[in-house]
Amino acid sequence: MSRVGRNIHVSVDRLRQLAHRDARPRKIKADAGTCPKCDSHYSADEMSRNLRVCPACGHHFAVTARERLEQLGEPGGYVELWPELRAADPLQFTDLKPYAERIADAEKSTGMGEAIVCAELEVRHVPAVAAIMDFSFMGGSMGAVVGEKFARACDHAAQKGLPLIVLSSSGGARMQEGTLALMQMAKTVIALDALAEARVPVVVVLAHPTTGGVWASFASLGDVTYAEPGALIAFSGPRVIEETTREVLPSDFGRAERQLANGQVDAVVDRRELAQRIGRILHILSRPDVDPTAGTAPAGLQWAQGGAQKVKSMMDRIRPGSTDGEDAG
Amino acid sequence: MSRVGRNIHVSVDRLRQLAHRDARPRKIKADAGTCPKCDSHYSADEMSRNLRVCPACGHHFAVTARERLEQLGEPGGYVELWPELRAADPLQFTDLKPYAERIADAEKSTGMGEAIVCAELEVRHVPAVAAIMDFSFMGGSMGAVVGEKFARACDHAAQKGLPLIVLSSSGGARMQEGTLALMQMAKTVIALDALAEARVPVVVVLAHPTTGGVWASFASLGDVTYAEPGALIAFSGPRVIEETTREVLPSDFGRAERQLANGQVDAVVDRRELAQRIGRILHILSRPDVDPTAGTAPAGLQWAQGGAQKVKSMMDRIRPGSTDGEDAG
Amino acid sequence: MSDKKHGGRFVRKVAEKVRRPGSDAPDDDLWESVQLARHAERPYTLDYINRMCSEFEEMHGDRLYGDDAALVAGFGRFHDRPVAFIGQQKGRDTNERTYRNFGMAGPEGYRKAMRVMEIANRLGIPVVTLIDTPGAFPGASAEERGQGGAISRSIQMMWRLDVPTIAVVIGEGSSGGALGLGVADRVLMLENSTYSVISPEGASAILWRDASKARLAAQAFKPTAANCYRWGVVDVVVPEPEGGAHTDHEQSAEILDQYLYRALTDLDAIPSADRRRARRERFRKLGPLRDPESGMGMATGRETPPPG
Amino acid sequence: MSDKKHGGRFVRKVAEKVRRPGSDAPDDDLWESVQLARHAERPYTLDYINRMCSEFEEMHGDRLYGDDAALVAGFGRFHDRPVAFIGQQKGRDTNERTYRNFGMAGPEGYRKAMRVMEIANRLGIPVVTLIDTPGAFPGASAEERGQGGAISRSIQMMWRLDVPTIAVVIGEGSSGGALGLGVADRVLMLENSTYSVISPEGASAILWRDASKARLAAQAFKPTAANCYRWGVVDVVVPEPEGGAHTDHEQSAEILDQYLYRALTDLDAIPSADRRRARRERFRKLGPLRDPESGMGMATGRETPPPG
Ligand SMILES: [Zn+2]
Ligand SMILES: [Zn+2]
């Protein structure tokens with residue numbers, strides 16, 4: 001391996017330092033509020049206040065799509081789009097349990113209609129469309145509804161000229177919809193191009209896990225790609241790889257930090273900084289409010305009017321034989 | 001390293017077998033006719049008949065640009081373009097010897113005006129424009145004349161709708177023309193896009209050696225890229241790398257066969273098959289003489305006329321509920 | 001080679017399969033298709049290309065990292081015109097299987113495919129893909145070099161091409177590794193091939209938590225040509241010689257040649273912008289769901305008129 | 001920040017250098033420029049970006065193989081508009097130098113640059129490159145992953161961009177590794193920077209067969225801003241604070257900021273197709289030669305009116 005190559009930039013290391021200040025391991029019976037990494041325990045209220053990140057060790061717990069919207073947007077300030085769409089059962093599929101039953105169960109246990117929530121919202125005062133996956137709904141798997149809602153979100157954002165924020169958390173295509181689920185990969189990739197034509201950016205946030213057909217479709221096509229710490233990002237999961245190739249994988253295989261070194265993501269961003277980071281990049285990429293040619297030059301400079309002759313005239317000022325004009329500005 | 005990855009396809013291995021039939025090592029005093037690899041000796045006439053390839057071991061000797069034209073084209077059948085262009089000496093450059101003197105010497109010893117020859121020719125009955133470098137003229141280095149002739153060759157090919165054949169053999173930019181030689185990299189890369197706009201292909205043949213600014217500009221941008229066996233293909237040569245990084249390089253570092261495994265070339269082609277291979281790919285890529293929609297269908301099929309309805313009607317033939325038409329064809 | 005000779009018999013046979021609703025098909029037929037789709041003697045990508053093209057020149061390498069023998073790509077002379085052929089390539093004996101990595105392409109394969117597509121698009125040459133893979137290569141190195149992004153970008157590139165495109169599922173079309181070559185103006189599928197979100201064995205291990213339930217999984221996925229046609233996933237089912245493609249490579253290639261030539265001639269007549277619009281609509285429509293706003297059930301598949 | 005404050009003095013000083021024919025310049029001045037161009041305290045790419053942008057977000061990775069710290073690329077907010085900044089990055093202490101690989105980018109660096117350029121072009125965001133490198137990384141692994149093709153494609157991409165582009169040589173601009181970021185609508189060059197086909201040490205070893213003749217080589221190559229301006233290689237020489245950019249990073253960035261803003265505002269006013277045509281012509285004209293058909297000597301450089 002060359003000296004060039006796989007240097008690592010974890011952009012939010014300083015949050016690791018914060019961790020120790022607020023640390024307080026409390027050993028009690030493990031439940032949903034227990035950190036699987038350091039055994040700290042939190043009340044539901046504490047968890048929510050910490051954006052479901054363990055302040056002691058930085059472990060990122062799973063977050064539902066609606067919680068994500070609250071974390072990213074202004075308080076209470078989002079409009080959900082197409083919540084009414086529901087999965088069909090085109091294959092009349094049954095594995096250990098009929099698909100129809102699985103869907104009904106998921107709807108009951110999560111209170112969601114599907115594994116993705118789309119919404120219009122503002123992130124740090126920047127209006128955007130968000131498409132947010134929810135792992136708690138059948139492993140965030142992508143069937144026809146996820147594909148359709150994602151595609152509609154692309155169209156909607158393009159029509160309104162708004163950037164798209166994608167948050168992925170998925171085991172891949174929804175197998176219970178068979179070949180038709182596979183086709184959602186094509187559908188979502190094609191839909192993304194509406195944003196390219198509208199010249200608005202796509203920010204993708206890869207949450208744990210982003211695997212299979214979701215990583216191999218829209219989730220790997222962001223203009224800017226952030227990943228949450230520790231998120232598994234892979235097309236084939238570690239178990240499949242180990243079984244197929246008999247490789248022994250490192251414990252951090254496919255994890256966000258490693259995928260950063262592999263050149264697959266732009267930054268690993270702690271959830272507590274996520275909204276701020278998304279807001280910042282969207283602000284940077286936004287078009288200027290004022291036409292840059294129409295008089296925003298700093299005081300003391302007279303280059304606000306005129307056009308193609310400017311650099312030439314600037315060049316003239318330092319050209320051999322030309323002595324005038326150097327003090328004009 | 002994965003099992004996928006660096007599989008090697010040397011496409012002309014069978015020529016190695018030919019070698020042994022015609023082999024005849026003859027140990028005499030080494031001169032220009034002596035093979036540096038196996039010490040076989042050949043007369044000038046034998047060398048020329050063998051396209052300057054050692055029949056005993058397959059070693060590829062250097063070839064001048066004009067010899068190349070004879071090897072590639074129909075006998076005597078090429079028209080040289082812009083032979084009159086000559087190098088200037090913009091920096092009044094002197095190293096161990098003045099640049100002007102080096103140029104004059106090169107012209108005298110090679111009988112060439114510069115390190116590239118451009119011509120219109122036919123390769124196996126396919127008309128094309130060729131830009132062929134000559135290592136014997138100042139190491140095939142690229143200065144303003146090479147850049148300009150190459151750019152004109154691109155324009156000429158594009159205007160005539162002919163494919164471009166590039167044969168590179170160069171140590172890189174011509175240092176004696178300083179920063180202006182560096183700029184020829186940009187000039188040649190930009191010029192190549194004329195062919196993209198004209199929708200004609202570019203076939204690049206990498207001969208020994210293709211290094212530095214020539215590899216890092218037009219030589220790495222062919223649509224189809226062949227390399228001669230054993231050709232060194234690299235941006236930085238092995239000596240520079242060993243001195244800079246203290247790496248110990250394998251003996252075949254940067255050689256054609258290895259660069260094939262690295263995904264950098266399409267095939268390693270023995271010189272004795274080169275004209276045939278170029279002719280073949282140009283023939284394959286050429287537009288059909290007959291409009292494919294205008295009646296070239298094999299007898300017995302009635303799909304020569306009509307348009308968008310065809311696949312649909314074909315589909316209809318095997319659609320559920322449709323029983324007619326299956327025997328129509 | 002005449003349509004009279006093969007067309008009638010084969011087409012009638014296929015039409016009967018298609019007519020039969022999937023759920024009524026006996027297990028045996030379905031499992032037979034799955035087995036035939038990966039029969040060791042079934043013609044592979046190069047078997048078709050070499051028979052259909054008068055000349056073929058294979059391209060190698062992605063210009064980035066390496067050359068992937070699990071995916072072949074190049075330019076062929078097909079009915080006296082240039083056509084880019086791209087497909088996964090399986091091997092027949094142990095050595096060749098290893099060399100071809102069982103037809104499981106890594107990122108270098110998809111990137112070689114994209115390189116050839118870009119050239120084809122620029123030169124105005126149609127692209128034909130032949131799909132035959134148990135899936136993209138599941139290996140750590142493939143993941144580290146961006147397997148996911150390679151597939152998604154291959155899908156994106158196929159959708160963006162201005163030239164006519166045809167995808168043919170010739171054997172086993174499993175998972176994103178298959179779809180990476182599957183976004184085309186026309187999608188054809190050989191009679192005994194399969195096209196599925198996952199291999200039956202993979203599904204068996206995941207959904208039934210039991211690797212031995214592959215047959216059950218296949219029955220649940222129903223990934224046959226007839227069903228894919230019914231779902232609207234493929235446009236044309238290409239007949240195979242009696243007994244399956246493996247019984248007669250020559251005849252199999254002849255039939256595919258006819259279907260490809262017909263589809264190409266058809267696509268030639270459609271302006272590029274219309275083709276791309278139809279390509280987009282084709283994939284956009286796939287996947288039935290329940291939309292209460294527009295009444296129940298978003299119609300796709302062959303209940304409604306086929307696309308195009 | 002006012003032009004009055006810096007502009008007059010600096011511009012006059014630069015103009016004097018430019019006026020002096022290169023061959024008359026005393027050795028000392030030229031060697032001093034070469035030394036200043038790589039002064040350890042000279043501002044590097046991120047020193048400029050962080051001062052010129054109100055906000056900057058660095059992008060990482062080529063999505064293919066890795067992330068190259070020798071080349072930084074990202075989006076900044078510059079005078080209340082988005083601008084893509086891309087440049088080689090050197091390090092100041094030993095650790096950072098190693099981390100940044102001495103500003104010698106590998107293929108991953110140029111491919112990251114291209115990725116960011118593609119996004120900028122699609123979103124209509126101008127591209128500014130900052131050139132500061134002893135050359136592209138000379139390593140076996142870089143060659144095996146296509147160093148040559150990475151540089152040529154970066155050149156090709158810069159030429160193809162529809163958005164306004166500005167390249168600035170801020171320090172050492174040596175070899176194809178520099179030119180890989182150098183094809184732009186406007187090429188600026190800091191007063192004490194160098195732009196050359198090879199480093200003086202490299203030239204010394206090759207042409208004089210003696211590594212100690214770097215000073216002689218520099219004298220032969222004359223790679224100063226004044227000479228590059230005279231040759232037509234750069235359009236604008238950007239003045240540095242008295243004593244060189246390393247004496248005052250703030251002031252250096254302020255001056256560059258002014259020049260960039262001016263050039264950007266200028267380029268905004270030119271239609272994209274015209275800009276691209278001029279970009280092509282600009283590089284097409286470079287390189288004097290003798291053409292007997294058109295009389296002797298193909299004119300380039302500042303003997304004739306400057307381009308644009
Ligand atoms: Zn914890
Ligand atoms: Zn020999």
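Lettering of chains follows the sequences in order, A, B, ..., and the numbering in each one begins at 1. Being a predicted model, the structure only gives us computed values, none of them experimental.
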- Can you name the residues of residues 214-225 of chain B that have some heavy atom under 4.5 Å away from a heavy atom in chain D? Trp215(B), Ala216(B), Ser217(B), Ser220(B), Leu221(B)
- Query: So, the side chain of Arg279(D) versus the backbone of Leu161(D): is there a donor-acceptor pair under 3.5 Å, distance only?
  - Reply: yes
- Query: Is the side chain of Lys112(D) donor-acceptor paired with the backbone N or O of Asp68(D) at a distance under 3.5 Å, no angle test?
  - Reply: yes
- Query: Relative to chain D, which segment of Ala151(B) carries a heavy atom at a distance below 4.5 Å: side chain, backbone, both, or neither?
  - Reply: both
- Query: So, the side chain of Ser204(D) versus the backbone of Pro200(D): is there a donor-acceptor pair under 3.5 Å, distance only?
  - Reply: no
- Name the region of Leu85(B), side chain, backbone, both or neither, that has any atom closer than 4.5 Å to a heavy atom of chain D. both
- May I ask you to decide if Val187(D)'s main-chain N or O and Asp235(D)'s side chain share a donor-acceptor pair within less than 3.5 Å? yes
- Query: Which residues from residues 165-178 of chain B are near chain D, with near meaning under 4.5 Å between non-hydrogen atoms?
  - Reply: Ala173(B), Met175(B), Gln176(B), Gly178(B)
- Item | Option in Gly148(D), Gly146(D), Gly202(D), Gly135(D) with maximal non-hydrogen atom pairs under 4.5 Å from chain B | Gly148(D)
- Output the option from Gln264(B), Met185(B), Arg86(B), Gln92(B) having the highest count of non-hydrogen pairs under 4.5 Å with chain D. Arg86(B)
- Query: Any cation-pi pair here, Arg153(D) with Tyr110(D), using under 6.0 Å and within 45°?
  - Reply: no
- Task: Tell me, for Leu216(D) versus chain B, whether the close heavy atoms (under 4.5 Å) come from the side chain, the backbone, both or neither.
- Result: neither
- Quick one: does Glu257(B)'s side chain have a donor or acceptor within less than 3.5 Å of a partner on Gly230(B)'s backbone? yes
- Would a line drawn from the ring center of Phe221(D) to the ring center of Phe93(B) be shorter than 6.0 Å? yes
- Task: Identify which of Ala234(B), Ala181(B), Ala191(B) forms the greatest number of heavy-atom pairs closer than 4.5 Å to chain D.
- Result: Ala234(B)
- chain D shares the most heavy-atom pairs under 4.5 Å, among Val189(B), Leu249(B), Thr94(B), with Val189(B)
- Is a side-chain donor or acceptor of Glu143(D) paired with a backbone partner of Ser236(B) at a separation under 3.5 angstrom? yes
- With rounding to the nearest 0.5 Å, note down the distance linking OG in Ser141(D) to CD in Gln147(D). 9.0 Å
- Item | Proximity breakdown for Leu207(D) and chain B, heavy-atom pairs closer than 4.5 Å | both
- Task: Report the distance from atom CG of Leu162(B) to atom NE2 of His156(B), rounding to the nearest 0.5 Å.
- Result: 7.0 Å
- Task: Select, from Thr188(B), Thr210(B), Asp193(B), Leu192(B), the one with the greatest count of heavy-atom pairs under 4.5 Å involving chain D.
- Result: Asp193(B)
- Message: I need the residue from Asp155(B), Asp89(B), Val145(B) with the largest number of non-hydrogen atom pairs under 4.5 Å to chain D.
- Response: Asp155(B)
- Can you tell which of Ala178(D), Gly139(D), Gly177(D), Gly149(D) has the highest number of heavy-atom pairs within less than 4.5 Å of chain B? Gly139(D)
- What is the distance from atom CG of Leu179(D) to atom CE of Met183(B), rounded to the nearest 0.5 Å? 5.0 Å
- By residue number, those in residues 162-176 of chain D with heavy atoms under 4.5 Å from heavy atoms of chain B are Ser175(D), Gly176(D)
- Just wondering, are more than 12 heavy atoms of other shown residues or ligands nearer than 6.0 Å to CZ in Arg239(B)? no
- Message: Run the side chain to side chain contact (heavy atoms under 4.5 Å, CB included) test on Phe137(D) and Thr245(B) for me, step by step, so that the C-alpha distance in whole Å, both residues' side-chain angles and the decisive distance to 0.1 Å come before the verdict.
- Response: CA-CA 9 Å; Phe137(D) 178 56; Thr245(B) 67; 3.9 Å; yes
- Message: So, taking the atom named CE in Met142(B) and the one named NZ in Lys187(B), what distance separates them when rounded to the nearest 0.5 Å?
- Response: 10.0 Å
- Between Lys149(B) and Ile116(B), is there a donor-acceptor pair closer than 3.5 Å when you use the side chain of the first and the backbone of the second? yes
- Item | Sequence neighbours excluded - salt bridge (Lys or Arg N to Asp or Glu O under 4.0 Å) pairs with any residue from residues 90-101 of chain B | Asp95(B)-Arg102(B), Lys97(B)-Asp105(B)
- Decide whether Asn262(B) and Gln259(B) meet the rule of one side-chain donor and one side-chain acceptor closer than 3.5 Å. yes
- Message: Would you compute the distance between atom CG of Leu206(B) and atom CD1 of Ile233(B) and round it to the nearest 0.5 angstrom?
- Response: 4.5 Å
